[in-house]
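Take a look at the structure set out below.
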Amino acid sequence: MIEKTEIHRHTIAVLVDNEFGVLARVVGLFSGRGYNIESLTVAKVDEKENLSRITIVTTGTMMVIEQIKAQLNRLVPVHSIADLTLDGPSVEREMALVKVEGTGEKRVEALRMADIFRASAVDVTESSLVFEVTGDREKVKAFVALMEPLGEVEVCRTGIVALKRGHETI
Amino acid sequence: MANQEMTGAEIVIQALVDQGVEVIFGYPGGAVLPLYDALFKQNSIRHILVRQEGGAVHAAEGYARSTGKPGVVLVTSGPGATNAVTGLADALLDSIPIICLTGQVATHLIGNDAFQEADTVGITRPVTKHNYLVKSAKDMARTVHEAFHVATSGRPGPVVIDLPKDTQFEEAEYLPPALVQHKSYKPQVKGDLKAIKEAVSLIANAKKPIFYTGGGVINSGPKASDLLTKFVRMTGYPITNTLMGLGSYPASDRQFLGMLGMHGTYEANHAMHDCDVMICIGARFDDRITGRLDAFSPNSKKIHVDIDPSSINKNVPVDIPIVGDVAHILEDMIKVWKTDVCRPDAAALEEWWQQIEGWRSRDCLKFTQSGPIIKPQYALSRLNELTKGKNRYFTTEVGQHQMWAAQYLQFEEPNRWMTSGGLGTMGYGLPSAMGVQVAHPDALVIDVSGEASAMMNIQELSTIMQYRLPVKVFLLNNEYMGMVRQWQELLHGSRYSESYMESLPDFVKLAEAFGGTGLRCTDPDKVDEAIIQMIETDGPVLLDMVVDKEENVFPMVPSGAAHNEMLLADNAEGEGPEVSREGMTLV
């Protein structure tokens, strides 16, 4: 049996009508019921059906995770929900833009690290760089941590997007 | 031929007519003038003009709960909508189908801090099942029809439709209601047959079973109550009801153990604690029922029937969840019970009933009426006796009188008992009784009230007078916010901080000032006479029943205690369970 008080991290994908206030409904549900949001992404994914996909990374006991899914399902504009953590293997990616200031050896080191992480420089000035890095959350986290002593001054992360592996859809 | 163009306001009214609406509770204002104009020009829908928007929603709730039909509210923008919020929250927690139409400033002014503008969809989002902002008259008809579908299907609830004033003037084509499959909203009605079979087998093999049923049975319609009664009688098992479920099983029946929970009976709570199979139907294991969660019915297998999947495993993990409509599932359960030729274990059941009779003999609702002061329990049991057999409906406010009403009034049928269970809204009962009386003009509608709650929506006496609604207000007057005072006595060293009601009005004169009849009773020997006079006087009557000021509601499961650790009237001092520090923080 799963330990009742153990905290789990789950990635939940929600397909919703792309209508007025739908994000507020989802976010309001989380804040109103005291659930955590670690990361949240949303964008329109189906032009024809006018659907948006919301990806939420949340934490809680299994009872709470099950409640979150049931509560999301109660929202009228919600079409379907998938717990990508429970449903088997999935691909998770996040993108970050990292601005690094510096010259000389630090700048060279930053570029070397970026190369290892397959991050690309998307903006360059004489004293600054903006890197674009993509990967799972651990990779992005590691890259940001490495850039910190090399002059990182600003970070922007997209939050997790995720899909099930294989042919199955949600 | 294309349909004729109508204004948005006319479309809304036509959609209401086509949805079978007969009455609206409302209050006009600037942002709904076109709607009121459209109302003026038709004769199918009756409008009841309340005195405050909060009263309109409670009236619609009373209407809905006593008829099974959705209640409809019409209010203006800004303060009209914000005044309706409490009623909406009330309807959400008690799962009452309400359609609330709110006016809104014109679309081009939204977000401009215009006069009487409020973000109504933003404010009402967490207190409704769903809400809409209609931005064009061409969406009006579809939205209203969809709102009725959402409010009344699945687990019912309130739905707000926010209507900007310009869209009420705009012309568009009317669309009649059609059986549209909603794209994403599809509540499950039929229960999973495999789970039902498993449940029936568990029920049949139980040694110490109990049915624990709630408001979901009533929301499912009168057929569900019939099926429940049939099934419970087939099994011979004991049954207890939640506050919301009273009336879903006849109270006079031997198998009925009374209400359970914080102020439930000794036998109901003990049977819940000691049972081996709990059959929860249309109830949701809320904190008033379970008491301390880790001590809740520790040795039972639990079956949970609910139309809302989010109610399953929310507070208490269950063994067999069945999602679906109560009536459908009970029908299937009865079928399976018959085809499998289930026979309960007679010997075990006999022993179980003996144990229950032992608890029952504790006679936990016993009280003694002696001396010159009226006991509230006595007043209510007399009210119950003297109105028996009449076509009666009861509403209540919130507090001690509400619990006594639940304990001492008997409900033989569903839809006869309207009380604010989930939200606990003081001021609910009077407007709610008004809504019940509108739906049942010839019935005896009684609002069991307290003097503190009564003051919260007393203005509705004026509405009651305007429409000649013969509502009877049975006011138990102890000059205290009784339940607050009781908790202060038990938990805060009898320091009655701000719970005494000073400068109360003379309720007899107050009733008369509104144009009704006021009566007062202070003598235990005259209680019957006063009640009969209240019933027999035509028109609205307020009976000021002056009762014992410091009477407490027992039994009581103190907050933080296990549900079988009850304070009873005769053990309240001394030997009762201690309230822990943790318990003190609970509401």
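Values below: all heavy atoms of this structure, side chains included; hydrogens, waters and symmetry mates excluded.
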- Query: Between B/Lys135, B/Arg125, B/Arg155, which has the largest tally of heavy atom pairs under 4.5 Å with chain A?
  - Reply: B/Arg125
- Task: Would you give the length of the straight line joining atom CZ of A/Arg25 to atom CG of B/Asn131, rounded to the nearest 0.5 angstrom?
- Result: 4.5 Å
- Message: Looking at B/Asn112, I'd like to know if its CG atom is crowded, meaning that more than 12 non-hydrogen atoms belonging to other residues, nucleotides or ligands lie closer than 6.0 Å.
- Response: yes
- Does atom NZ of B/Lys301 have more than 12 heavy-atom neighbours from other groups under 6.0 Å away? no
- Message: If you define the side chain from C-beta out and look only at heavy atoms, does anything of A/Phe20 sit under 4.5 Å from B/Val121?
- Response: yes
- Message: For a 4.5 angstrom cut-off between non-hydrogen side-chain atoms, does A/Pro77 reach B/Lys183?
- Response: no
- Drop me the distance from B/Lys186's NZ to A/Asn73's CG, to the nearest 0.5 angstrom. 11.5 Å
- Looking only at atom types and distance, does a side-chain atom of A/Gln67 sit under 3.5 Å from a main-chain N or O of B/Ser310, one as donor and one as acceptor? yes
- Item | B/Pro317 portion near chain A, given a 4.5 angstrom heavy-atom threshold | both
- NZ/A/Lys44: more than 12 non-hydrogen atoms of other groups inside 6.0 Å: yes
- Message: Show the nearest heavy-atom pair for residues B/Ser184 and A/Val76, with the distance to one decimal.
- Response: OG-O, 2.6 Å
- Query: Which atom names give the shortest non-hydrogen contact between B/Asn313 and A/Met63, and what distance separates them?
  - Reply: O-CE, 3.2 Å
- Query: Counting only heavy atoms not in A/Glu38, do more than 12 fall under 6.0 Å of its CD?
  - Reply: yes
- Query: Is atom CD of A/Glu105 surrounded by more than 12 heavy atoms (other residues, nucleotides or ligands) closer than 6.0 Å?
  - Reply: yes
- How long is the span from the NZ atom in B/Lys129 to the CG atom in A/Leu75, to the nearest 0.5 Å? 11.5 Å
- Message: Rounded to the nearest 0.5 Å, what separates atom NE2 in A/His79 from atom OH in B/Tyr185?
- Response: 14.0 Å
- Atom NZ in B/Lys314, atom CD in A/Gln71: separation rounded to 0.5 Å? 6.0 Å
- If you count the non-hydrogen atoms of other residues, nucleotides and ligands that lie under 6.0 Å from NZ in A/Lys99, is the total more than 12? no
- Which bit of B/Asn315 comes within less than 4.5 Å of chain A, counting heavy atoms only: side chain, backbone, both or neither? backbone
- Message: Tell me if the NZ atom of A/Lys139 is crowded by more than 12 foreign heavy atoms within 6.0 Å.
- Response: yes
